[in-house]
Amino acid sequence: FGTGIGVENVVWQSVAANISSAVMANVGSLGFFALAGSSYKFEAYMPVVPSAGTTTAFSTYFDAGTCSYTVESQTTAVAGFAMATSTTSASTGTTQVMTGTTARTIRITGIIYSAGNANVAVQAQTSAANVVVPSGSYLTYTRIG
């Protein structure tokens with residue numbers, strides 16, 4: 001754990017996080033603080049469990065800098081990954097219709113550079129039902145420049 005180049009940091013979701021907002025909201029503690037003038041790569045891995053059929057969206061929030069990220073999502077436990085890429089904070093511009101109540105996976109990977117300090121967080125929204133992100137989900141981030 002540290003701020004040096006090449007040092008991987010892990011943010012561990014120690015308790016389940018409920019997603020129940022119809023607008024983008026932070027997912028538990030899955031976020032980090034990017035230092036001014038630095039570049040980072042990051043990856044979030046989240047099993048998610050909807051309580052019923054719902055439409056969801058996942059994104060990365062950043063309040064400064066230039067960020068590019070990809071969201072890979074499963075709509076069911078056995079579905080292949082759908083992918084969407086964005087450079088917009090808190091919006092991938094796409095949604096996923098999730099059916100059933102079995103666990104499936106969301107993965108977000110990206111890079112960010114900011115001339116000033118920046119908050120970076122995994123965000124999600126749901127249209128109709130709660131979605132649980134269980135404990136054990138994580139976010140890794142590594143300073144690369």
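Position 1 is the first residue of the sequence; numbering continues from there.
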### Task
Could you tell me which non-hydrogen atom of Ser137 sits nearest to which non-hydrogen atom of Leu30, and how far apart they are?
O-CD2, 4.2 Å
### Message
Rounded to the nearest 0.5 Å, what separates atom OG1 in Thr102 from atom CD in Gln74?
### Response
9.0 Å
### Message
Under a 3.5 Å distance rule, please check whether Ser21 uses its side chain to pair with a backbone N or O of Met24 as donor and acceptor.
### Response
no
### Message
Quick check: is Phe33 connected to Leu139 through a chain of hydrophobic side chains (ILVMFWY, heavy atoms under 4.5 Å apart)?
### Response
yes
### Message
Looking at every non-hydrogen atom in both residues, tell me the closest pair between Pro134 and Pro47 and how far apart they are.
### Response
CD-O, 2.8 Å
### Closest non-hydrogen atom pair between Ile106 and Ser73, with its separation
CD1-CB, 3.3 Å
### Task
Quick one: sort the Phe62 and Tyr69 rings into parallel, tilted or perpendicular, breaks at 30° and 60°.
perpendicular
## Note on the structure
Note: Gly100 and Pro50 closest approach over all heavy atoms is O-CG, 3.5 Å
### Task
Indicate whether the side chain of Gln13 and that of Ser135 have a donor and an acceptor atom separated by less than 3.5 Å.
no
### Task
Return yes if some donor-acceptor pair links the side-chain N/O of Ser91 with the main-chain N/O of Thr88 below 3.5 Å, else return no.
no
### Task
State, with a plain yes or no, whether a side-chain heavy atom of Gln125 is found less than 4.5 Å away from one of Thr56.
no
#### Entry: Verify same cluster id: Ile112, Tyr141 (apolar side-chain graph, 4.5 Å)
yes
## Note on the structure
Closest non-hydrogen atoms of Ser38 and Arg143, given as atom of the first, atom of the second and distance, are OG-NE, 3.3 Å
### Query
Is the backbone of Thr75 close enough, under 3.5 Å, to the side chain of Gln96 for a donor and an acceptor to pair up by distance?
no
### Task
Might you point out which heavy atoms bring Ala36 and Asn117 nearest each other, and give the distance in Å?
N-OD1, 2.8 Å
### Query
Would you say the side-chain atoms of Thr54 and Thr126 include a donor-acceptor pair closer than 3.5 Å?
yes
### Query
If we ignore angles and hydrogens, is there a donor and acceptor under 3.5 Å between the side chains of Asn130 and Asn18?
no
### Message
A side-chain contact here means heavy atoms from C-beta on lying under 4.5 Å apart; do Val49 and Arg104 qualify?
### Response
no
#### Entry: Atom pair CH2/OH of Trp12 and Tyr138 - distance to nearest 0.5 Å
8.5 Å
### Query
Is there a side-chain contact between Asn119 and Phe32, using heavy atoms and a 4.5 Å cut-off?
no
### Message
Rounded at 0.5 Å granularity, tell me how far CD1 in Ile144 sits from OG in Ser39.
### Response
5.5 Å
### Query
Roughly how far apart are Thr140 OG1 and Lys41 NZ, rounded to 0.5 Å?
7.5 Å
### Query
Please walk me through it: do Tyr113 and Tyr40 pass ring pair (Phe, Tyr, Trp, His ring centres under 6.0 Å)?
CA-CA 7 Å; Tyr113 168 78; Tyr40 296 83; 9.6 Å; no
### Task
Please tell me if the side chains of Met46 and Val122 come closer than 4.5 Å, counting only heavy atoms from C-beta onward.
yes
### Query
Are any non-hydrogen side-chain atoms of Val48 and Val132 less than 4.5 angstrom apart?
no
### Query
Judged by atom type as modelled, is there a donor-acceptor pair below 3.5 Å linking the side chain of Thr70 to the main-chain atoms of Thr85?
no
### Task
I would like to know whether Thr66 and Thr87 meet side chain to side chain contact (heavy atoms under 4.5 Å, CB included); could you show each step before the answer?
CA-CA 7 Å; Thr66 302; Thr87 57; over 6 Å; no
#### Entry: Same apolar cluster (I L V M F W Y, side chains within < 4.5 Å links), Ile111/Ile108
no
### Task
Indicate yes or no for a side-chain donor-acceptor contact from Asn26 to the backbone of Gln123 under 3.5 Å, with no hydrogens or angles considered.
no
### Message
Hydrophobic clustering (ILVMFWY, side-chain heavy atoms < 4.5 Å, transitive) - are Val78 and Phe81 grouped together?
### Response
no
### Message
Let me check something: do Phe58 and Val11 share a hydrophobic cluster, defined by ILVMFWY side-chain heavy atoms less than 4.5 Å apart, either directly or through other members?
### Response
yes
### Message
Taking the side chain as everything from C-beta on, heavy atoms only, tell me whether Ile19 gets closer than 4.5 Å to Val133.
### Response
yes
### Side chain to side chain, Phe42 and Thr142, heavy atoms closer than 4.5 Å
no
